[in-house]
Engineer: 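One structure is given below, represented as structure tokens, and several questions about it will come after.
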Amino acid sequence: MLQNRILNLLGLACRARKIISGDKPVLQSLQNQRPRLVFIAADGNRDKQDKYRYICEQQHVPVIDMYTKMELGSAVGKKEHIVVALLDEGFAAAILKVLKEMK
């Protein structure tokens, strides 16, 4: 399934240390670095979802919001995560390619 391929790629990026996860670290990365892609949990806090969508829109960073907190957390080896930023351009391009195949 293509959705699992995206989570697998996110897990590989995590093992390669190309992600930042958690509320404050991702906010800092959006201010200091430019993440290539941001994952927002579909079942996360609505205010945080809106905040991250707005910041990512301003920074021209694509957002993926089709996974739950549990799915994102398990992909990066944690319990639950509301937001995960992907820093590597290669992983981001591969994930966006899979997304395009899904449509």
Side-chain angles (χ1 to χ4, degrees):
M1 180 183 258
L2 293 176
Q3 285 184 328
N4 288 339
R5 275 182 56 197
I6 292 173
L7 291 175
N8 290 339
L9 285 167
L10 185 60
L12 285 173
C14 178
R15 287 188 286 284
R17 301 200 186 276
K18 301 293 184 184
I19 68 153
I20 295 176
S21 60
D23 189 31
K24 288 181 184 178
V26 171
L27 272 179
Q28 289 174 346
S29 79
L30 283 165
Q31 293 169 355
N32 302 331
Q33 306 167 337
R34 186 166 175 269
R36 304 299 181 211
L37 194 59
V38 172
F39 288 84
I40 301 172
D43 60 343
N45 180 310
R46 192 71 175 156
D47 291 335
K48 286 189 182 196
Q49 287 178 351
D50 292 341
K51 174 177 73 172
Y52 280 107
R53 278 194 187 92
Y54 177 77
I55 294 170
C56 289
E57 184 180 311
Q58 297 299 310
Q59 300 271 343
H60 305 290
V61 176
V63 172
I64 296 175
D65 61 356
M66 57 193 229
Y67 297 106
T68 65
K69 294 183 280 193
M70 291 294 284
E71 290 170 329
L72 287 178
S74 75
V76 298
K78 308 282 183 185
K79 186 176 178 184
E80 291 182 352
H81 272 296
I82 294 174
V83 63
V84 176
L86 182 60
L87 304 175
D88 186 76
E89 194 168 326
F91 280 113
I95 288 171
L96 291 173
K97 182 180 176 185
V98 173
L99 273 177
K100 207 179 253 190
E101 290 174 17
M102 288 172 62
K103 294 181 180 181

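Note that the structure is predicted; figures quoted are calculated from it, not measured.
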Engineer: Is any side-chain heavy atom of Asp65 less than 4.5 Å from a side-chain heavy atom of Gln49?
Structural biologist: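 Not touching, per the 4.5 Å side-chain cut-off.
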
Engineer: Is the closest side-chain heavy-atom distance between Leu27 and Ile55 below 4.5 Å?
Structural biologist: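 Result yes, sub-4.5 Å side-chain heavy-atom pair found.
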
Engineer: Measure the shortest side-chain to side-chain distance between Gln3 and Val98 over non-hydrogen atoms and say whether it is less than 4.5 angstrom.
Structural biologist: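 The answer is no, as the side chains (C-beta and beyond) never meet within the 4.5 Å cut-off.
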
Engineer: Do Met66 and Leu99 touch side chain to side chain, with heavy atoms closer than 4.5 Å?
Structural biologist: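 Touching, per the 4.5 Å side-chain cut-off.
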
Engineer: Just so I know, are the side chains of Val26 and Val84 near enough to count as touching, which here means a heavy-atom distance under 4.5 Å?
Structural biologist: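 Counting from C-beta outward, Val26 and Val84 never come under 4.5 Å.
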
Engineer: Could you tell me the separation between the NZ atom of Lys69 and the CG atom of Asn45, rounded to the nearest 0.5 Å?
Structural biologist: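 Taking NZ in Lys69 and CG in Asn45, the distance rounds to 8.5 Å.
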
Engineer: Under 3.5 Å, sequence neighbours excluded: what are the donor-acceptor pairs made by side chains of residues 31-39?
Structural biologist:
residue, atom, partner, partner atom, Å
Asn32, ND2, Gln28, O, 3.4
Arg34, NE, Gln59, O, 3.0
Arg34, NH2, Gln59, O, 3.3
Arg34, NH2, His60, O, 2.6

Engineer: Under the side chain to side chain contact (heavy atoms under 4.5 Å, CB included) test, which residues partner Ser74, sequence neighbours left out?
Structural biologist: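 Ser74: no side chain to side chain contact (heavy atoms under 4.5 Å, CB included) contacts found.
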
Engineer: Using the side-chain hydrogen bond (donor to acceptor under 3.5 Å, both in side chains) criterion, which residues pair with Asp43? Sequence neighbours excluded.
Structural biologist: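 For Asp43 there are no side-chain hydrogen bond (donor to acceptor under 3.5 Å, both in side chains) partners, ignoring immediate neighbours.
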
Engineer: So if you build clusters from Ile, Leu, Val, Met, Phe, Trp, Tyr with side-chain heavy-atom gaps below 4.5 Å, do Val83 and Val76 land together?
Structural biologist: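 No, Val83 and Val76 fall in different hydrophobic clusters.
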
Engineer: My understanding is that only residues two or more places apart in sequence, or in another chain, count here; which of them pass side-chain hydrogen bond (donor to acceptor under 3.5 Å, both in side chains) with Lys78?
Structural biologist: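 Partners of Lys78 under the side-chain hydrogen bond (donor to acceptor under 3.5 Å, both in side chains) test: none.
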
Engineer: Can you check whether Ile19 reaches Leu87 side chain to side chain, under 4.5 Å on heavy atoms?
Structural biologist: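 Not touching, per the 4.5 Å side-chain cut-off.
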
Engineer: Check whether more than 12 heavy atoms from other residues, nucleotides or ligands sit under 6.0 Å from atom CE of Met70, and answer yes or no.
Structural biologist: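 Count not over threshold, so no.
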
Engineer: Mind running side chain to side chain contact (heavy atoms under 4.5 Å, CB included) on Ile40 and Arg53 for me, showing each step along the way?
Structural biologist: CA-CA 8 Å; Ile40 301 172; Arg53 278 194 187 92; 4.1 Å; yes

Engineer: Lys97: which residues meet the salt bridge (charged side-chain N to carboxylate O under 4.0 Å, His left out) condition with it, sequence neighbours left out?
Structural biologist: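 By the salt bridge (charged side-chain N to carboxylate O under 4.0 Å, His left out) rule, Lys97 matches no residue at all.
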
Engineer: Under 3.5 Å, side-chain donor or acceptor atoms of residues 5-18 against the rest of the protein: list the pairs with distances, not counting sequence neighbours.
Structural biologist:
residue, atom, partner, partner atom, Å
Arg5, NH1, Glu101, OE1, 3.4
Asn8, ND2, Asn4, O, 3.3
Arg15, NH1, Gly11, O, 3.4

Engineer: How many angstroms lie between atom CD1 of Ile82 and atom OG of Ser21, to the nearest 0.5 angstrom?
Structural biologist: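 It comes to 11.5 Å.
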
Engineer: Cluster question for you: counting only ILVMFWY and a side-chain heavy-atom cut-off of under 4.5 Å, with indirect links fine, are Val63 and Met102 together?
Structural biologist: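 Result: no, two separate clusters.
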
Engineer: Do Tyr52 and Asp23 make a side-chain contact, defined as non-hydrogen atoms from C-beta onward lying under 4.5 Å apart?
Structural biologist: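 Yes, their side chains come closer than 4.5 Å.
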
